[in-house]
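Inspection log for the structure reproduced underneath, given as structure tokens.
All ligand and atom numbering here is 1-based and tracks the order in the structure.
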Amino acid sequence: MTRVRDELRVKPGSKVVLSDHDPSDVGGMSKADGRTALLPLKERLNELQELLYATGKYALLVILQGMDTSGKDGVCKNVMDAFNPQGCQVTGFKVPTREELAHDFLWRIHKATPAKGMAGIFNRSHYEDVLVVRVENLVPEAVWSKRYDAINDFEQLLADSGVVVVKFFLHISKEEQRERLADRLEDPTEHWKFRVADLAARSKWDEYMAAYEDALSKCSTKHAPWYIIPADRKWYRNLVVSQILVETLESLELEWPPLEAEAQGIEIV
Ligand code: AMP
Ligand code: MG
């Protein structure tokens, strides 16, 4: 598990070719070992989030992107549950409302960014504006092609304002998605998740991969890196996401705030 953060990070300026990244990679680990390794990581994550809150110097923004069934909800449920709900906010971005569409594409995003001390999780994000919007031709190319620079500038502003941005692309194979969609059809407790409209995105798989390759290549920066997470195995996905979050928060080298001066030597009677 060492150096997973370096290995999975998209190097700024590099050209991502997704077929070079194996979605079913498990780093040579067994599922049992992976599950065992997750527990201490989540405890550490809990502690680090409390430290983030206590120090109030930085915010953490976790961006989750991936095809349907790639595990965005699963990461919220199985990794972010390490966080104290009081210090954490999850925002899901759906098809923009009429009001949202009447503004620039970052308007709704900026409003949802976390304040210092808080962790924010985006389930989908402004990247939809260069993914689904591009593949479905929702705006002309002249409009979406300018958005990569706008996104980099926006994320730079966040970073300059103390927001630590971490972006995860949950990389699943088309075959794994087929199985997960078939499971949804079979399981009555998952019928609510099944949308016939999602099959339209599946039928444009290669176009989505091309759009993801551009987003990952153009927008992985030092201040807001992308990570390509092998996501065919849920347990490994959860493990590496947790590991990267722990390593990211540890790199801030936060320290517990000291007792206030007036409280030195005080005795509770
Ligand atoms: P889900 O994440 O399954 O709840 O679905 C949300 C849907 O909203 C997905 O189909 C996204 O592609 C879509 N969506 C999110 N953001 C945008 C956007 N900016 N423009 C168009 N569709 C979007
Ligand atoms: Mg969906």
Inset, instruction - Please work out whether any backbone atom (N, CA, C, O) or any side-chain heavy atom from C-beta onward of K72 is under 4.0 Å from ligand 1, and answer side chain, backbone, both or neither. - result: neither
Inset, instruction - Of the side chain and backbone of N123, name the one, both, or neither that has a heavy atom under 4.0 Å from an atom of ligand 1. - result: neither
Legend entry - Proximal ligand 1 atoms for D129, defined as those under 4.0 Å from one of its heavy atoms: 19 (N)
Inset, instruction - Decide, yes or no, whether a salt bridge links K42 with D81 under the criterion of side-chain N to carboxylate O below 4.0 Å. - result: yes
Inset, instruction - Specify side chain, backbone, both or neither for V95, according to which of its non-hydrogen atoms lie closer than 4.0 Å to ligand 1. - result: both
Inset, instruction - Measure R108 to ligand 1 on non-hydrogen atoms and call it side chain, backbone, both or neither using the 4.0 Å cut-off. - result: side chain
Inset, instruction - Check whether any N or O atom of E128, backbone or side chain, sits under 3.5 Å from an N or O atom of ligand 1, and answer yes or no. - result: yes
Inset, instruction - Report yes or no: do Y212 and Y148 belong to one cluster of Ile/Leu/Val/Met/Phe/Trp/Tyr joined by side chain heavy-atom distances under 4.5 Å? - result: yes
Inset, instruction - Can you sort out which atoms of ligand 1 are near V133, meaning under 4.0 Å from one of its heavy atoms? - result: 20 (N)
Legend entry - N or O contact, S125 vs ligand 1, cut-off under 3.5 Å: no
Legend entry - Polar side-chain atom of E190 near backbone of D183 as donor-acceptor pair, under 3.5 Å: no
Inset, instruction - May I ask you to decide whether R124 forms a salt bridge with D68, counting only side-chain N to carboxylate O separations under 4.0 Å? - result: yes
Legend entry - Closest candidate by heavy atom, reference atom 10 (O) of ligand 1, pool R124, R195, H126: R124
Legend entry - K146 bridged to D149 by N-O distance under 4.0 Å: no
Inset, instruction - Answer yes or no: is there an ion pair linking R134 with D214, defined by an N-O contact shorter than 4.0 Å? - result: yes
Inset, instruction - Ignoring hydrogens and angles, state whether a donor on the side chain of D160 or Q156 is under 3.5 Å from an acceptor on the partner side chain. - result: yes
